[in-house]
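From a predicted model like this one, the values you see are computed outputs, not experimental measurements.
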Amino acid sequence: MTSLHHHISDGGTGDGGLPLLLGPSLGTSLAVWEPQLPALAAGRPVLRWDLPGHGGSAAGLVPDDGTATVAGLAALVLRLADDRGWERFDYAGISLGGAVGLHLAVHHPERVGALALLCSSAVFANGAAWRERAASVRADGTGPLVAPSTGRWFSRPATAAGPLGARLLDDLRTADPAGYAACCDALATYDLRAELPRVTAPTLVVAGRDDQATPLSHARELADGIPGASLLEIAHAGHLVGVERPRAVSAALRAHFAPASDAPGPVPDERTGRN
């Protein structure tokens, strides 16, 4: 069995900045980043990866005995970077994918150039809630999660019913129960609130104002705790903010990760929030 996440490489090898790693949210595949690829993969290598048991990644990448951790997921991401020979990289992650990036920025600051955290958190919920979800998924699979996740992921039914929304919900429906549950185990012990001042990477925090999974208070805690971080709040967007508001998110990420000599112009009008 491979020791690497399933992943897809996009972009080129030009001088558009450091390589960029993109981490997905729990329940989705790397397809969640498709709306951002045109903006992010121009002139730089971009690598998207799947969580264990999601998309094309094997569930067995992490233990299924309750001991999986975000640190373990982060170690797998470092293997991906090492396999490419990338000593430094930029990183953007959604939800659990953001937690992985935050762990890397705290514990491996020499590896992370710039960081973007989308609808993520320094701590998602109490551990018991994640242990309960893990037990439920091990018993009944991920199918029962699809209906409640639809309203959390998307603020508008039209987005959920669109091609990408439907594909991502199908990712959740078909996720390997063991891999999904192990990711829940990882979240059960995840808490980086006390470590936020250690982050040295330039950080952008992006929040959907209608996000029920990680409400605005989570984003504000990240932005207030990470030195120099910027916060972008996007109206009319749920947990998968980059799917619901692709233009605003793409522009914000492109600006954040652009080399200083190649910074783009202002982002579109639908960008709202504070910096």
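Judged by distance alone, with hydrogens and angles left aside, the side-chain atoms of R198 form no donor-acceptor pair with the main-chain N or O of A105 at under 3.5 Å. Side chain of E244 to main chain of S155: a donor-acceptor pair is present (N/O by atom type, distance under 3.5 Å, no hydrogens or angles). Not a single donor-acceptor pair under 3.5 Å links the side chain of S136 to the backbone N or O of E132. Judged by distance alone, the side chain of Q36 and the main-chain N or O of V249 form no donor-acceptor pair under 3.5 Å. Between the side chain of R133 and the main chain of A181, no donor-acceptor pair closer than 3.5 Å is present. Between the side chain of H256 and the backbone N or O of P202 there is at least one donor-acceptor pair closer than 3.5 Å. Formation of a donor-acceptor pair under 3.5 Å by the D191 side chain with backbone atoms of V123 is not found in this model. Judged by distance alone, the side chain of H5 and the main-chain N or O of D50 form a donor-acceptor pair under 3.5 Å. T203 places no side-chain N or O within 3.5 Å of a backbone atom of A229 that could act as its donor or acceptor partner. At distances below 3.5 Å, not a single donor-acceptor pair connects side-chain atoms of T67 with backbone N or O atoms of P63.
Of all non-hydrogen atoms in G179 and A59, the two that sit nearest each other are N-CB, 3.6 Å. Closest non-hydrogen pair, P197 versus P227, comes out as O-CG, 3.6 Å. Scanning both residues, T150 and A160, for their nearest heavy atoms gives CG2-CB, 3.6 Å. Among all heavy-atom pairs drawn from D185 and A134, the shortest one is OD1-CB, 3.6 Å. Nearest heavy atoms, W33 versus G23: NE1-O, 3.0 Å. Closest of all the heavy-atom pairs between A122 and L102 is CA-CD2, 4.3 Å.
A distance of 4.5 Å separates CD1 in I234 from CG in L232, rounded to the nearest 0.5 Å. Atom CG of L115 sits about 9.0 Å away from atom CG of L104, to the nearest 0.5 Å. Rounded to the nearest 0.5 angstrom, H7 NE2 and D83 CG are separated by 6.5 Å. Taken to the nearest 0.5 Å, the NE2 atom of H108 stands 8.5 Å off from the CZ atom of F89. How far OH of Y91 is from CZ of F257: 10.0 Å, rounded to the nearest 0.5 Å. One finds the OG atom of S29 at 3.5 Å from the CG atom of D171 (value rounded to the nearest 0.5 Å).
For the pair F124/T214, a side-chain contact is recorded, criterion being any heavy-atom separation below 4.5 Å from C-beta on. Using a 4.5 Å heavy-atom cutoff, the side chains of L61 and L4 are not in contact. Side-chain contact between E34 and R48: present, with at least one pair of heavy atoms (C-beta onward) separated by less than 4.5 Å. R88 has its side chain out of reach of R111: every pair of non-hydrogen atoms, C-beta onward, lies at least 4.5 Å apart. Looking at heavy atoms from C-beta onward, H54 lies out of side-chain contact with T28 at the 4.5 angstrom threshold. At a threshold of 4.5 Å between non-hydrogen side-chain atoms, the residues H239 and S95 count as touching. Between L96 and L187 there is a side-chain heavy-atom pair separated by less than 4.5 Å. The shortest distance between side-chain heavy atoms of W86 and L47 falls below 4.5 Å.
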Q: Mind running side chain to side chain contact (heavy atoms under 4.5 Å, CB included) on L73 and Y190 for me, showing each step along the way?
A: CA-CA 12 Å; L73 294 172; Y190 167 77; over 6 Å; no
Q) So W153 and L169, side chain to side chain contact (heavy atoms under 4.5 Å, CB included) or not? Walk me through it. A) CA-CA 9 Å; W153 286 5; L169 288 167; 3.7 Å; yes
Q.
Could you go through L22 and L30, starting from their C-alpha distance and side-chain angles, then the distance that decides it, and tell me whether this counts as side chain to side chain contact (heavy atoms under 4.5 Å, CB included)?
A. CA-CA 8 Å; L22 301 176; L30 50 72; over 6 Å; no
Q: Under the side-chain hydrogen bond (donor to acceptor under 3.5 Å, both in side chains) rule, what do R84 and S9 come out as? Steps first, then yes or no, please.
A: CA-CA 10 Å; R84 289 291 191 279; S9 297; 2.7 Å; yes
(Q) Between R173 and D170, does the salt bridge (charged side-chain N to carboxylate O under 4.0 Å, His left out) criterion hold? Intermediate values first, please. (A) CA-CA 5 Å; R173 184 179 294 107; D170 194 55; 3.1 Å; yes
Q. Could you go step by step and tell me if D211 and V241 meet the side chain to side chain contact (heavy atoms under 4.5 Å, CB included) rule?
A. CA-CA 8 Å; D211 185 358; V241 63; over 6 Å; no
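Following chains of ILVMFWY side-chain contacts shorter than 4.5 Å, one can reach L37 starting from V206, so the two form part of one hydrophobic cluster. Linking ILVMFWY residues whenever their side-chain heavy atoms come closer than 4.5 Å, directly or via other members, places L118 and L164 in the same cluster. A continuous path of ILVMFWY side-chain contacts below 4.5 Å connects L78 to V46, so both sit in one hydrophobic cluster.
For the residue pair S120/H218, the side-chain donor-acceptor check at 3.5 Å is not satisfied. At a cut-off of 3.5 Å, with distance as the only test, no side-chain donor of S57 or H6 sits close to an acceptor on the other residue. Side-chain polar atoms of Y180 and R138 form no donor-acceptor pair below 3.5 angstrom.
We find that D10 and R44 are not joined by a salt bridge, their nearest charged nitrogen and carboxylate oxygen being 4.0 Å or further apart.
The local environment of NE2 in H236 is sparse, with at most 12 non-hydrogen atoms from other residues, nucleotides or ligands closer than 6.0 Å.
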